[in-house]
Amino acid sequence: MAAQTTTSGLAPSEQQAKRRHPQPPRMRRSIKNEPLVFGIIGFVVVLIAWEAAIDLGMARASLLSSPTRIWSAAVTDFGNGALWPHIATSLLEWTVGFALAIVVGIPLGLILGTFRRIGMIVDPLLSALYATPTVALVPLIILLFGIGIGAKFAVVFLEALVTLTVSTITGVKSADPRHLETARSFGASRWLAFTSVTLPSSVPFIVTGLRIGAGRALVGVIVAEFIAANVGIGFYISLNGNLLNASRVMLGVLLVGAFGVFVGIVIGRIQRYFDRWRPAIR
Amino acid sequence: MTTASPALRPVRNERDRKHRSPLQRWYRNHEAWVLGASGVIGFLLLWELGSRSGVVDQFFFSKPTDIASAAVREVQLARFWNDVKVSVWEFVTGYTLAVITAIPLGLIIGWYRRLSYMIDPWLNLFNSLPRIALIPLLVLWVGLGVESKIAVVFLGAFFSIIIPTVQGVRTVDRRLLDVAKSFGASQRLTFTSVVGPATVPFITTGLRLGIGRALIGVIVGEIYAQTSGLGVLIVRANENIQPDRMFFGVLIFTFSGILGVAALRRVEHYFDRWRPVSEER
Amino acid sequence: MTEQALALRATGVRMEYRDPATRERLTAIERMDIEIPEGEFVSIVGPSGCGKSTFLKIVNGLLPATEGEIEIKHSKGGSDHAMVFQDSSLFPWYSVQRNVAYGLACRGVKRKEAFARALPFIKLVGLEGFESKYPYQLSGGMQQRANLARALTVDPELLLMDEPFAALDAQTRELMQVELIRIWSEAQKTVLFITHQIDEAIFLSDRVIVMSARPGRILADITIELPRPRDLDIKRTPRFVEYEEQIWRLISKQLSVGPEAAA
């Protein structure tokens with residue numbers, strides 16, 4: 001060791017910046033699928049802490065409920081079938097309203113994005129509508145359509161529509177001018193340029209619109225059912241809120257949340273399918 | 001002479017500027033503005049005329065002039081200003097609380113990878129569920145008063161801000177982190193020189209989304225627990241079949257949303273000085 | 001045995017890693033032993049993926065080696081080593097001056113003083129007048145000048161350069177090579193330079209180390225006996241071309257195995 005330092009002529013060893021790399025034979029242990037493992041841990045830890053806090057009397061069960069209490073509420077209400085009509089109604093409202101919004105909103109966005117001048121005429125109005133919390137119009141819609149399911153379709157439709165249209169327009173406008181020039185220089189027709197360049201490059205934006213729109217549609221379902229309904233998951237939540245039944249309220253909220261997560265996963269799949277030509281980010 | 005080859009054709013470009021009058025040029029430069037304004041005016045005119053001629057049902061949709069006069073009447077009422085005060089208070093308190101909690105928490109959660117994995121499912125759950133669904137629960141906890149609305153506003157904005165913040169920290173350019181590490185930057189300096197600036201655009205996006213969510217919180221909270229506020233104004237006007245008043249109430253929210261987002265764009269601009277200017281819409 | 005002082009000694013450096021996708025254990029670097037005397041300009045060339053950048057990261061302390069030892073001359077006033085990274089490693093949100101002063105800020109120097117100390121280096125690399133510009137306002141060549149100034153500002157004993165000119169166009173690259181020689185002779189630093197351009201390595205260096213394809217090891221250590229100061233004309237001299245051919249033969253043998261041989 002000493003001999004080494006002298007021959008090398010490096011500075012005296014105590015001043016020397018020296019790094020040894022004696023790595024253990026096994027590499028830094030990496031857990032397979034870390035996000036999933038830690039996700040489950042995080043989820044379970046919170047549930048246990050929650051239950052413990054109630055059982056130890058640190059919080060009142062009548063207000064905060066607890067995982068086991070929510071579970072038994074679920075067993076009861078699913079067991080006697082009381083929940084099914086609520087779920088079915090809300091699902092129907094969401095599906096029909098959202099489907100209508102897709103059928104109208106995406107083509108509308110494609111048109112407004114493609115035809116520049118029409119887009120310019122509508123732009124300020126659309127921006128205003130986009131900035132408006134459309135839930136403020138729910139009372140009017142219920143006045144117009146009555147208390148039945150038609151009003152809910154309309155609310156959900158309106159909630160999701162603007163988002164879908166606006167993101168589609170953004171997508172159309174985001175098409176790379178170089179790609180459009182390529183298409184034009186090869187003499188592509190307007191239609192071919194649209195299908196070969198504009199449409200593929202706007203897909204990610206449309207999918208984002210779907211994601212946000214799905215969430216807003218869910219907001220529409222809940223708000224409409226809060227205001228005027230006698231069936232539906234929003235009604236179930238508000239009814240049990242009035243009955244001071246925290247467990248059932250939480251059950252309802254969790255069902256809505258679980259549905260939201262499910263829709264998010266489905267849209268994530270769609271996104272990945274359409275984005276398979278895109279280089280993965282890390 | 002004898003060749004049957006087609007004659008040469010001039011190459012034309014539709015955007016050729018050579019033969020344009022000054023008026024045409026002015027229109028070209030202000031086209032978006034001119035068309036946008038005519039869109040708005042045309043819409044208002046159609047609404048007004050449609051309403052007067054009975055094509056549009058005044059009973060439900062009122063007409064622009066009526067809404068304007070309803071606005072004039074409202075702003076002279078003390079009750080109206082009280083409603084404004086309540087709604088503004090709910091919004092400002094809830095939103096501010098969300099900002100000062102969500103940003104630091106998001107930065108911390110994003111920085112510690114495993115911590116973020118553990119919190120992910122909860123963030124995901126809360127982000128996937130309309131926070132307004134929690135209103136009955138919040139009312140159960142803190143009552144029908146202003147606190148429950150503040151709580152809804154807070155929740156609405158909180159998750160909209162924290163999720164992009166976490167994502168921003170996680171997607172910081174690895175190369176720049178390497179640079180910081182190679183120069184021996186302290187943890188603190190790494191945070192202020194790399195993580196912070198890189199995350200700002202994500203945070204401002206969250207702040208922008210948060211405004212919309214917070215406004216929704218104000219309205220739905222007030223509609224659910226009707227004490228006072230602009231949401232109550234809308235519901236009452238609707239119940240009393242006063243569509244002019246109702247639209248006035250809705251428009252207040254529209255303009256608050258537009259103003260809030262415009263103000264945030266300013267902030268964003270300030271933080272984005274270092275970014276090349278791109279033609280944004 | 002020459003008694004010349006060393007700036008860097010790497011002994012038996014080996015690098016293995018686990019492919020995150022296949023979970024297979026791969027060897028990036030089989031073995032590297034290098035000694036660099038103070039003040040020398042040494043380049044490492046090799047086919048892409050041979051582990052030369054990995055080696056540089058190990059020297060820089062960004063990656064731990066699996067085995068082996070790195071010794072670097074300790075600096076009294078400045079840093080032991082500093083890295084000039086590949087393109088776009090400037091902080092886009094900082095001005096040129098603040099970027100150049102970054103290394104000093106990392107060492108706790110006050111903003112004002114760091115800015116003042118950065119100035120002569122900004123001048124040295126020829127960026128005078130661009131102090132308050134943001135990186136996006138600079139050309140690629142100017143960005144790499146700033147990148148170089150940032151590393152020089154911390155007064156390192158050993159300057160590490162990771163393909164700094166790879167993203168530049170051919171003419172700018174040659175210009176930067178000339179500039180680097182000028183700056184190197186003024187700043188008098190030991191340099192370890194990574195590149196895949198053979199002519200760049202010969203033109204700049206006192207010694208060129210040729211690495212094999214993965215798993216990387218040293219194929220040859222060639223002393224470049226071209227007179228200094230050098231200018232671009234030297235690239236057309238027979239001696240230079242001879243060196244080029246010698247190194248190209250070593251590398252091309254490595255290339256002929258993979259599917260990317262044509263590239």
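What's counted below: heavy atoms across the whole structure, side chains too, no hydrogens, waters or symmetry copies. Residue numbers start from 1 in every chain, and the chains themselves are labelled A, B, ... in the order their sequence lines are given, proteins ahead of strands.
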Side chain, backbone, both or neither of [X] within contact of chain B (heavy atoms, under 4.5 Å):
| X | value |
| --- | --- |
| A/Arg116 | side chain |
| A/Leu63 | both |
| A/Ala258 | backbone |
| A/Leu36 | neither |
| A/Val249 | side chain |

Do [X] and [Y] come within less than 4.5 Å of each other through their side chains, counting heavy atoms only?
| X | Y | result |
| --- | --- | --- |
| A/Thr132 | B/Phe253 | no |
| B/Pro136 | A/Asn242 | no |
| B/Ile223 | A/Phe226 | no |
| B/Phe61 | A/Leu144 | yes |
| B/Pro130 | A/Val256 | yes |
| B/Ile135 | A/Ile222 | no |

Which one of B/Val220, B/Leu215, B/Asn127 has the most heavy-atom pairs closer than 4.5 Å to chain A?
B/Val220
With respect to chain A, which residue among B/Val261, B/Leu129, B/Asn238 yields the maximal number of heavy-atom pairs within a distance under 4.5 Å?
B/Asn238
Let me know if [X] has heavy atoms under 4.5 Å from chain A in its side chain, its backbone, both or neither.
| X | value |
| --- | --- |
| B/Ile241 | side chain |
| B/Ile219 | side chain |
| B/Asp120 | neither |
| B/Val139 | neither |
| B/Glu31 | both |
| B/Ile234 | side chain |
| B/Phe59 | neither |
| B/Tyr224 | side chain |

How close do [X] and [Y] get, counting heavy atoms only, and between which atoms?
| X | Y | value |
| --- | --- | --- |
| B/Val40 | A/Pro124 | CG2-CB, 3.7 Å |
| B/Met246 | A/Leu137 | CE-CD2, 4.4 Å |
| B/Ser128 | A/Gly257 | CB-O, 4.0 Å |
| A/Ala131 | B/Ile258 | CB-CG1, 3.4 Å |
| A/Ala246 | B/Leu140 | CB-CD2, 3.8 Å |

Plane angle bin for B/Tyr117 and A/Phe38 - parallel if under 30°, tilted between 30 and 60°, otherwise perpendicular:
tilted
Donor-acceptor under 3.5 Å (A/Asp123 side chain, B/Gly36 main chain):
no
Stepwise side chain to side chain contact (heavy atoms under 4.5 Å, CB included) check, B/Leu125 with A/Leu254
CA-CA 8 Å; B/Leu125 177 68; A/Leu254 276 179; 3.9 Å; yes
